[in-house]
Amino acid sequence: MELFQRASNPWGQEILTHIDWSLFWWALGVGVVFAAIHLFLRRRLRASEPAVVAGDHGGTVVRHTGAARMFHWVMALSMLVLLVTGFLPQVGVQFPWLTLHWVFGFLLIASILFHIVHATFFQSLRNIWISFGDLREWLQEVRHSMGRGPGPARKPGKYPVDHKLYHHAVTLSGFVAMITGVLMMFRIDSPIWPRDPYRFSDSTWGVIYVLHGLGGVVLVTLTFAHIYFAILPEKRWITWSMIHGKIPRKNYLAYHDPERWPSEEGPKEEAPAAAAQPAKAQGG
Amino acid sequence: MARAKLTGTDYTPPDLVAKVTGRARYAEDFRADGMVFMKLLLSPMPHAHVRRIDKSRALAMDGVLAVVTAEDLPESDPLNEPLLASEALYEGQPIAAVVAVDEATAADAVERLQVDLEPLPFALDPIESIKPGGSNARTEGNTIVRKSTDDGVQTVVERIEWPNQLFRDAGEDVLPLGEHQDEWTIGGDVEAALAASELVIDETAYHQSLTHHPLEPRSAMAYWQNGKCTLHCSTQSCQRTHGVAAAAIGIDPADLTLISEFCGGGFGSKIVGTVNMALPAVLSKQVGRPVMHRVSRYEENYFGRARPGMYIRTRIGFSKEGKVKALDIFAIQDNGPYGRQGDLGSVGGVASLAYQPDSMRFRAVSILTNTPPRAPQRAPGGAPISAMLEPIMDRAAKQLGLDRIAIRKLNAPREGAKFGGDLSRNVTTAYTHEAMDQLAALVDWADADRRGGTRSGSKAIGTGFALAPYTAGASGFDGLMVIRPDGKLEIHSGVGNLGTHSFSDTSRVACDVLGLPWEEVEIVWGDTSKHLPWTTVSAGSMTTHSMSRAAHAAATDLMQKLQEIAARDLGGSPEQYEVDGGRVFRRGSASGGLTFAQAAKRAIELGGKYDGHELSENLHAATKVAAAAMAGQGLLGAAKDEYPRNGDVYTFVVGFAEVEVDLETGFLDIKRYAAVTDCGTVMNPRSLGAQLHGGGIQGFGLAASQKWVYDPRWGIPFAHRFYTARPPSILDVPLEMQWGAVDKPDPNNPVGSKGVGEPPLCAGAAALLCAIQNAVGEVDLRRLPIMTDNLLTAIEGLDPEVPVLTTHT
Amino acid sequence: MAIIHDMMPAFELYQPSDLDGAVQLLDRHGDDAWALAGGLDTMDWFKDRVKRPKVVVDLNGIPELKGVREGADGGLEIGALTSLTDVVSSPQVREKFPMLAEAAATVATPQIRNQGTLGGNLCQDTRCWYYRGGWPCYRAGGNICYADTSSSMNREHCIFGASRCVAVSPSDTATALLALDASMVIAGPRGERVVPAEEFFLGPGIDITRMTVLQPNEVLVAVRIPATFAGARTYFEKARDRQSWDFALASVASAFRMNGDTIAEARIALGAVAPTPLRAKKAEAALRGQRISSQVADAAGNAAVEGARPLRHNGYKVPLMRNLVRRAVRGGPLAGEGQDAAAGG
């Protein structure tokens with residue numbers, strides 16, 4: 001299997017031009033295989049999950065504020081449009097994709113800029129930060145779910161480690177695709193700036209195109225996996241929270257450590273770090 | 001001597017039937033036992049150092065016999081074009097050659113060569129190169145200069161640079177008058193003469209580089225036998241190509257047989273062939289088999305030749321009567337990467353001759369570029385300057401209220417006219433007024449002049465009239481012929497057969513001298529093993545004038561020897577004998593005497609000078625070798641042309657073009673073309689007509705359709721096929737074409753003829769440009785060629801797409 | 001980039017004698033196959049070693065692809081392998097759709113028209129010299145348009161419809177057929193489909209590597225011209241640098257159905273100014289219900305070039321295209337003095 005497409009430039013020098021478009025199918029395949037394995041192991045994995053505490057834990061806990069939800073869905077829409085417009089024409093489905101692609105690219109960038117500002121100033125970055133302890137707990141969790149040893153002593157905060165890892169993978173591949181995508185705007189006619197295909201040397205452009213493609217295919221796998229989890233029945237309460245913002249209080253208590261993710265509706269004893277945060281941001 | 005002269009009549013040249021029936025064998029039609037094929041790897045970069053070429057994958061292929069790069073060949077002077085380059089100086093320059101059992105294998109092998117090239121800065125445009133910080137076409141500089149040193153004259157590469165201030169001061173679209181290499185003057189202070197002129201026109205023009213596009217590419221095939229090489233190639237000249245080819249192969253001329261019986265066009269690109277023809281010979285020696293190199297159209301565009309492009313600034317001052325008082329010309333030549341081209345010299349020379357200015361200054365500089373090697377192309381230098389100045393003459397006539405022919409007559413040279421730096425040269429004959437009058441009558445100029453400039457709907461009608469001179473002959477060459485014992489006259493012609501019929505036209509002179517019917521003649525040509533005399537190169541319109549003189553000299557030598565033999569055998573003195581109808585006989589009694597066959601036999605018996613065992617001392621060494629080989633075969637005539645020549649031989653062509661320019665589409669429709677020449681005595685009317693029309697059509701290409709287009713970032717050209725380069729096709733030729741000739745002999749040639757290869761092109765280009773200008777008025781037509789886009793841009797008053805000082809767009 | 005030119009690499013040649021065989025062969029070999037008609041576009045690609053199919057399927061031995069037939073509705077159906085010379089000289093074409101004969105007669109040279117086919121003329125690839133030179137541009141699967149940079153040579157390129165690629169559709173007959181509302185009959189492994197000319201040609205916005213909707217396993221069988229514009233007022237003109245052997249710099253084809261002396265329906269197609277032959281819909285709209293006059297012609301011309309975006313070297317195409325559309329409405333070039341400019345055609 002070829003990873004990259006190459007061409008020889010007008011001077012006969014070999015340059016990179018794209019990723020090999022078969023990588024799209026591979027990326028999708030990796031997603032499918034991952035989902036299949038997960039489906040297969042699902043029963044066992046569920047067995048290791050903490051039981052939802054029965055009894056009087058009614059009510060809900062805010063998980064995602066309106067702004068956060070709006071960001072998520074704008075981003076999700078952009079991402080889907082970008083992947084569809086980016087890859088389908090390359091695998092044989094022809095339609096006028098270019099304008100959609102870059103317009104949604106800019107929408108994605110705008111939404112992410114909003115997210116960065118919002119997350120930095122109005123949310124706890126700590127929620128998404130991965131510590132060594134997180135990783136230790138995650139490994140423990142994985143071993144536990146395989147039936148080897150006890151689970152971690154503590155439940156996760158707002159985001160379990162796998163969510164955090166996912167976030168960072170998306171961040172990395174997304175940034176690669178976005179930065180290269182912005183540079184690629186020099187290659188086309190757009191109102192953004194004058195077309196200047198010779199802004200970089202063709203070997204540099206080759207690297208930019210390959211990085212953009214690689215970012216894209218990684219996002220294909222990640223997006224596929226994301227959607228897969230989102231539609232699993234046992235995860236729907238999380239998916240649902242991205243729509244109306246809240247999770248059942250019982251799930252909050254079952255899956256999260258209120259100390260690590262204090263909420264207004266949770267125990268009153270607040271974690272010291274969270275104390276510094278304005279209350280309104282805590283739902284994020 | 002009642003016999004009508006052959007000179008001046010139509011006939012069927014001895015090569016014609018083979019040509020029109022497809023039986024003529026050009027270089028690539030030859031086959032030899034065991035013949036294999038060569039293909040070239042061309043440089044993909046406009047300027048590159050060849051670091052390494054890995055041949056292993058190519059050599060590993062079945063059927064590949066050899067792979068050769070510059071490293072495998074003897075080192076050559078870097079200023080000369082090599083067989084294969086180690087530093088490629090233009091995109092498309094050969095850097096490796098592969099020999100294989102067939103072309104398909106050779107091509108596949110070329111693709112398997114692993115090439116490691118280091119790109120170097122390159123220059124496509126002389127103006128860009130000459131600006132501060134501009135790239136050099138060669139690592140050492142951007143111009144070639146000849147310098148006198150203690151070790152004699154040396155040719156070196158240097159950098160020439162004009163300061164930015166110069167460009168700023170000149171202003172946009174005006175060529176600055178910067179540091180130059182050539183300068184000569186006529187008369188006094190040209191600036192003062194300009195200042196004193198009634199009307200001054202100051203214009204900068206761009207003339208494009210142009211590939212020659214001969215229909216036959218420069219293919220070659222070579223093989224070796226007993227240490228001697230036989231080379232089939234395509235060349236304009238024959239005898240003169242022999243030594244050049246031998247030197248390129250690296251052998252003694254005695255070891256080379258060069259065969260070139262037909263040449264499918266050269267236009268200056270194959271004067272003595274080109275270096276590529278030596279490669280099959282070199283590789284044939286290496287692989288021990290005959291090697292054929294079929295050059296493709298694509299390759300022809302690269303290592304075929306091209307006319308140097310030029311930027312020319314002209315400042316021309318007129319008196320109110322229309323006399324050219326002052327002429328100041330400055331030209332920058334796009335020289336290509338190798339030896340300095342001589343076009344510039346002709347720019348100044350032709351201008352000074354054509355307009356006879358009271359005061360003139362000519363300055364020029366030649367800048368190297370990373371574009372295909374240049375060579376003279378039909379009227380080198382003359383074509384651009386005539387094409388530039390003739391429309392300016394029309395504008396001057398208009399502004400001064402003069403008739404367009406009248407202003408030309410006022411300035412045109414006449415017999416003996418002086419020209420060149422310090423007026424050091426003079427022409428022989430110049431029947432310019434006669435030619436103009438004849439053309440004016442032919443085309444009904446008074447009516448055409450009225451028609452010009454009128455409009456009918458979207459059609460703008462234009463008529464143009466142009467005069468163009470160009471050099472047309474030299475002297476001092478040898479004629480060689482023998483009357484065989486069978487009575488036939490065998491003429492050995494070293495002239496190349498580039499399609500003009502000059503090799504046989506000049507031979508007919510011998511018939512006229514000897515009163516011999518054409519059927520009694522056999523011409524031997526196109527094969528250097530067949531004893532060819534010292535001959536002019538077939539270029540620069542030289543052949544007809546030069547070699548008709550030589551043929552006349554040799555035939556006269558024969559006649560004298562016939563008379564001597566007759567006198568010796570039949571009594572009396574040689575003067576009492578005359579020669580006609582294949583006999584030598586006592587004056588007044590056509591019966592009796594000796595037949596040529598008898599005379600030839602007697603010559604062999606007599607030996608000595610009669611059968612070529614003794615030769616005149618003044619013959620060229622090459623002629624002596626050829627004549628010695630023919631000695632004893634009959635009555636030999638061998639003589640050097642020592643007829644006097646009082647000046648430079650120039651031919652004049654006046655052209656008339658009528659066009660319709662569609663003001664809505666910019667389409668140029670050439671409705672009519674006519675040309676009349678003063679080329680001395682007409683040798684071959686049908687062929688002369690073909691020259692006048694063919695040259696005119698080539699001039700249309702220069703003026704209005706043909707060009708190079710380069711991508712400036714990559715240094716790669718696009719117009720490398722006929723349909724992209726757009727030389728005129730037969731369907732672009734007006735249906736109505738006429739020609740005429742003054743047909744007055746030039747007394748400097750016993751035959752009276754002058755060559756007529758070059759100036760038809762100048763007249764065609766200039767007349768067409770004059771007609772376009774006449775049709776559309778004074779719109780911006782400073783960059784050639786004038787095509788749909790720039791015509792429509794000018795008509796619509798849009799901004800030109802590029803500045804005047806831009807090349808290859 | 002090919003590093004050697006003018007030397008055709010080897011390929012396997014199939015010469016099917018019927019259409020099914022041709023389609024099967026193309027389908028079997030997929031992207032490795034190349035359908036050969038007159039060969040005038042093909043041989044250039046092969047000789048330059050830029051396109052290197054393993055298999056060539058020669059369509060010339062399929063009789064059903066040749067000839068001009070009456071169509072069901074009184075129009076015409078012309079086999080895709082009909083030579084351009086035969087199109088030019090066909091009495092049926094000349095009678096019903098003389099504009100098509102005029103357009104075909106402007107293609108290249110007599111020799112090329114003898115060899116070239118109608119289908120080949122429609123399906124030929126663009127002549128952008130960067131692309132044809134084998135440069136690795138978008139159209140060749142790369143990631144750049146070399147013809148639209150600040151230094152590109154793009155005199156022959158597009159003023160409409162650019163999408164990364166700025167090449168133009170080179171076909172003269174396509175312009176005429178678009179104006180005549182023709183359809184393309186296409187055979188493929190799943191049978192026949194009929195595609196209107198307007199959808200047959202693809203712009204780079206949709207597929208940057210192809211000029212038409214033809215799939216590698218499909219064959220253009222015939223062109224169907226409906227009777228709609230038979231005997232209509234038509235006009236064709238191709239602007240070029242030379243009178244022969246030159247591609248269009250711009251061309252116009254128009255067909256007007258007249259209602260008395262007003263235009264009931266106008267179809268105007270523009271050639272060589274966009275990556276596909278292009279309907280001048282604004283000009284058409286401007287003409288509907290109008291009486292022909294030089295003012296109406298000027299308005300249509302102006303409407304036709306609205307939104308044109310010239311490149312560095314092709315600004316002249318805007319007035320050129322405008323003037324050609326004016327002529328199409330007038331029915332000819334601006335007539336001489338004393339004549340009614342509108343009565344030219």
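Every chain is numbered from 1 and lettered A, B, ... according to where its sequence line falls, protein lines coming before strand lines.
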Under the side-chain contact (heavy atoms from CB on, under 4.5 Å) rule, collect the residues that match up with B/Glu128, sequence neighbours excluded.
B/Asp125, B/Lys131
Which answer fits B/Pro727, side chain, backbone, both or neither, if we ask what part of it has an atom under 4.5 Å from a heavy atom of chain C?
both
Examine whether an atom of B/Ile730 lies under 4.5 Å from a heavy atom of chain C, and if so say whether it belongs to the side chain, the backbone or both; otherwise answer neither.
neither
Heavy-atom proximity to chain B below 4.5 Å, by part of C/Asp241:
both
Side chain to side chain donor-acceptor pair (under 3.5 Å) with B/Thr809: of B/Arg783, B/Lys707, B/Gln208, only one passes, and it is B/Arg783
Answer with side chain, backbone, both or neither: which region of B/Glu103 has an atom nearer than 4.5 Å to a non-hydrogen atom of chain C?
both
Whatever's closer than 4.5 Å to a heavy atom in chain C on B/Arg294 counts as neither
Given a strict heavy-atom distance threshold of 4.5 Å, which part of B/Pro728 is in contact with chain C: side chain, backbone, both, or neither?
backbone
Apply the salt bridge (Lys or Arg N to Asp or Glu O under 4.0 Å) test between B/Glu658 and each candidate in B/Lys671, B/Arg451, B/Lys459; give the one that qualifies.
B/Arg451
Heavy-atom pairs under 4.5 Å with chain C - which of B/Arg726, B/Glu796, B/Lys39, B/Met787 has more of them than the others?
B/Arg726
Is a side-chain donor-acceptor pair under 3.5 Å present for C/Tyr316 with B/Asn790?
no
Is C/Asn314 close to chain B through its backbone or its side chain, or both, or neither, when contacts mean heavy atoms under 4.5 Å?
backbone
Any luck finding a side-chain donor-acceptor pair between C/Tyr130 and B/Asp711 under 3.5 Å?
yes
Chain B contact via C/Arg312 - which portion, at a heavy-atom distance below 4.5 Å:
both
If you count heavy-atom pairs under 4.5 Å with chain C, which of B/Phe718, B/Phe667, B/Trp714 comes out on top?
B/Phe718
Less than 4.5 Å to any heavy atom of chain B: does that hold for the side chain of C/Leu320, its backbone, both, or neither?
both
Counting C-beta onward and ignoring hydrogens, is there a side-chain heavy-atom pair between B/Thr788 and C/Arg240 closer than 4.5 Å?
no
Top residue by heavy-atom pair count (under 4.5 Å) with chain C, among B/Val709, B/Leu668, B/Val115, B/Leu663?
B/Val709
Can you tell me how far OG of B/Ser219 sits from CD of B/Glu300, rounded to the nearest 0.5 angstrom?
8.0 Å
Would you say C/Tyr146 and C/Pro136 make side-chain contact, with heavy atoms under 4.5 Å?
yes
What part of B/His808 is in contact with chain C, defined as an atom under 4.5 angstrom from a non-hydrogen atom: side chain, backbone, both or neither?
backbone
Selection from B/Leu791, B/Thr724, B/Asp662, B/Leu40 maximising heavy-atom pairs under 4.5 Å formed with chain C:
B/Asp662
What pairs with B/Gln114 under side-chain contact (heavy atoms from CB on, under 4.5 Å), at least two apart in sequence or on another chain?
B/Asp54, B/Arg57
Checked C/Lys317, C/Lys47, C/Met153 vs chain B; the most non-hydrogen pairs under 4.5 Å come from C/Met153
Pair C/Glu156 + C/Arg127: basic N to acidic O under 4.0 Å
no
Taking side chain as everything from C-beta outward and backbone as N, CA, C, O, which of these in B/Asp108 sits under 4.5 Å from a heavy atom of chain C? Side chain, backbone, both or neither.
both
Salt-bridged, B/Glu801 to C/Arg155, with N to O below 4.0 Å?
no
Let me know if B/Tyr710 has heavy atoms under 4.5 Å from chain C in its side chain, its backbone, both or neither.
backbone
